[in-house]
Amino acid sequence: MSVERTDILIAGGGFAGLALAVALSRVSDGGLAVTVADAGPLGLPDAPGTPRQDADPRATALSGSSRRLFETLGIWPALAPHAQAVSEIKLTDSPLAAGVRPVLLRYDPTLTDGSPGMLIVENRFLRAALLAAARGAAGVRLAPVTRIDGAEFGRSHVLATAGQGRSIRARLVVSAEGRTSLLRDAAGIKLSRQAADQIGIVTTVQLLRPHAGTAVQHFLPGGPFAMLPLPNDRACITWSEQAEFGNGLLAADPETFAAALNDRLGNTWGPARLDGPRRGWTLDLFHARDLVAPRLALIGDSARAVHPIAGQGLNLGLRDVAALAEVVIDAARLGQDLGSPIVLQAYQQRRRLDSLSSAAAFDAINRIFSNDWLLLRTARTAGLGTVDRLPVLKRWLVGEAAGETGDVPALLRGVRP
Ligand SMILES: Cc1cc2nc3c(=O)[nH]c(=O)nc-3n(C[C@H](O)[C@H](O)[C@H](O)COP(=O)(O)OP(=O)(O)OC[C@H]3O[C@@H](n4cnc5c(N)ncnc54)[C@H](O)[C@@H]3O)c2cc1C
């Protein structure tokens, strides 16, 4: 049996796992040994310029603080050419058949320092940039096609197994495994689940008219329909529907699918032309009851899966990354055990409240808006109308969406801890 030794094992080389590897490398100047194990190849298949027939057609709405994290980690120059700044967010709430869609709430997400509070980047570019940065990060080893299939959590270390007699021994193991986490289950961490009975449909379109940086969230009874602007007047459509109807749309022929999409997009920018594959995500939502267990920390979707309504899932995951990197580097500088209960509790304390309250808020927004009850429609119209008339409240909303409120870790403020 071969045993690899490392300081920190990150199980999962998705967005959160790769970002954490780069962050740990940067804050420790390569002084920590970090191994990233992913069940997939971790190659560079999605390099910019490759054809768009990608398995993940999603685009991510990055908050201002996530952008700052990427700047501090030196990843932003690879992303900037592919990022679309959002100049205005419009929320609308009218029946599908309505000819006119009055805007309930409209705001400019630009931050007080003039920098964009929201930027949209296609996931293929995000993944390529993170992979390239992780590959070049001092102290980081990428171990592709390594599915962690078990772990023994000991007093002084954790021993993770990866099949074929391979093991990795680490002082701390981080589960960045996404929604299905073997390590989370192995450590006995329970989930609070919330079945949404919705699926998220995602595709890319070419708009007929310039979007000028406008992002739209149109609330419909089946679920929210979002248009996220991309460079060159393309847009990523992120569209939630009741599961049965949504699965039918995913299986429909391109003409039927495009017609349903254009009905929801309306005629301000459409009719739009399909410009990429479509894919669906089951939106089963949960939150882990604990973010840590002995020698284990959860980050990203392993810690919680939130509704995409606010485009905040990865932004929350990046806040985990920044907070964990900060507590780990503090411990390393003090010569403490990186996986000790003190370090893990410090991480949990920094992240639990923000994580739980955000997940609950996104779920509540989705429930309030995903129905067609006239009384509720009137009440929510009144509610957003109030927000629209209160500039102070709007500015707070902008700050919240940009990840600028509460306990903001140093890396998200653009500061190296
Ligand atoms: C429709 C939709 C739209 C979204 N839009 C936005 C948005 O606009 N803004 C935003 O911030 N967020 C958004 N999100 C959320 C965001 O996509 C997720 O939060 C993010 O992808 C989670 O990243 P992750 O690295 O935690 O997990 P994942 O991306 O799921 O990565 C997990 C990785 O772990 C690997 N893995 C799993 N198990 C093991 C194992 N045992 N051993 C080794 N490797 C393993 C997998 O191969 C995978 O590479 C959206 C989500 C959906 C579904």
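Side-chain atoms are counted along with the backbone in the values below, which use heavy atoms only and exclude waters and symmetry mates. When a ligand or atom number is given, it counts from 1 through the structure's own listing order.
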Return the residue, atom name and 0.1 Å-rounded distance of the protein heavy atom closest to [atom].
atom: atom 5 (N) of ligand 1; value: Ala59 O, 4.1 Å
atom: atom 26 (O) of ligand 1; value: Asp301 N, 2.9 Å
atom: atom 12 (N) of ligand 1; value: Leu314 N, 3.0 Å
atom: atom 35 (C) of ligand 1; value: Asp38 OD2, 3.3 Å
atom: atom 1 (C) of ligand 1; value: Val202 CG2, 3.6 Å
atom: atom 28 (P) of ligand 1; value: Gly178 CA, 4.2 Å
atom: atom 34 (O) of ligand 1; value: Gly12 CA, 3.3 Å

Exercise. Hey, looking at atom 4 (C) of ligand 1, which of Ala19, Gly17, Pro308 has the closest heavy atom?
Worked result: Pro308

Seminar exercise, completed: Of Gly14, Ser175, Ala143, the one whose closest heavy atom lies nearest atom 31 (O) of ligand 1 is Gly14

For this session: Just grab all the salt bridge (charged side-chain N to carboxylate O under 4.0 Å, His left out) pairs involving residues 245-266, residues at least two apart or on different chains.
Result: Glu241-Arg264

Looking at ligand 1, does any of its N/O atoms fall within less than 3.5 Å of an N/O of [X]?
X: Ile148; result: yes
X: Asn315; result: yes
X: Phe15; result: yes
X: Glu177; result: yes
X: Arg58; result: yes
X: Leu228; result: no

Problem set entry | Worked check of side-chain contact (heavy atoms from CB on, under 4.5 Å) between His82 and Glu122 | CA-CA 8 Å; His82 309 289; Glu122 288 172 75; over 6 Å; no

Exercise. Just by distance, do the side chain of Arg124 and the backbone of Pro57 share a donor-acceptor pair under 3.5 Å?
Worked result: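 Pair absent, no side-chain N/O of Arg124 close to backbone of Pro57.
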
Exercise. Applying a strict 4.0 Å limit to heavy atoms, is Gly317 in contact with ligand 1?
Worked result: no

Exercise. What atoms of ligand 1 come within less than 4.0 Å of a heavy atom belonging to Trp281?
Worked result: 53 (C)

For this session: Taking all heavy atoms of Glu177 and all of Leu182, pick out the closest pair and write down the distance.
Result: OE2-N, 3.1 Å

Check residues 69-80 and write down every donor-acceptor pair under 3.5 Å in which the side-chain atom is one partner and the other belongs to a residue at least two apart or another chain.
residue : atom : partner : partner atom : Å
Glu71   : OE2  : Arg67   : NH1          : 3.0
Thr72   : OG1  : Arg68   : O            : 2.7

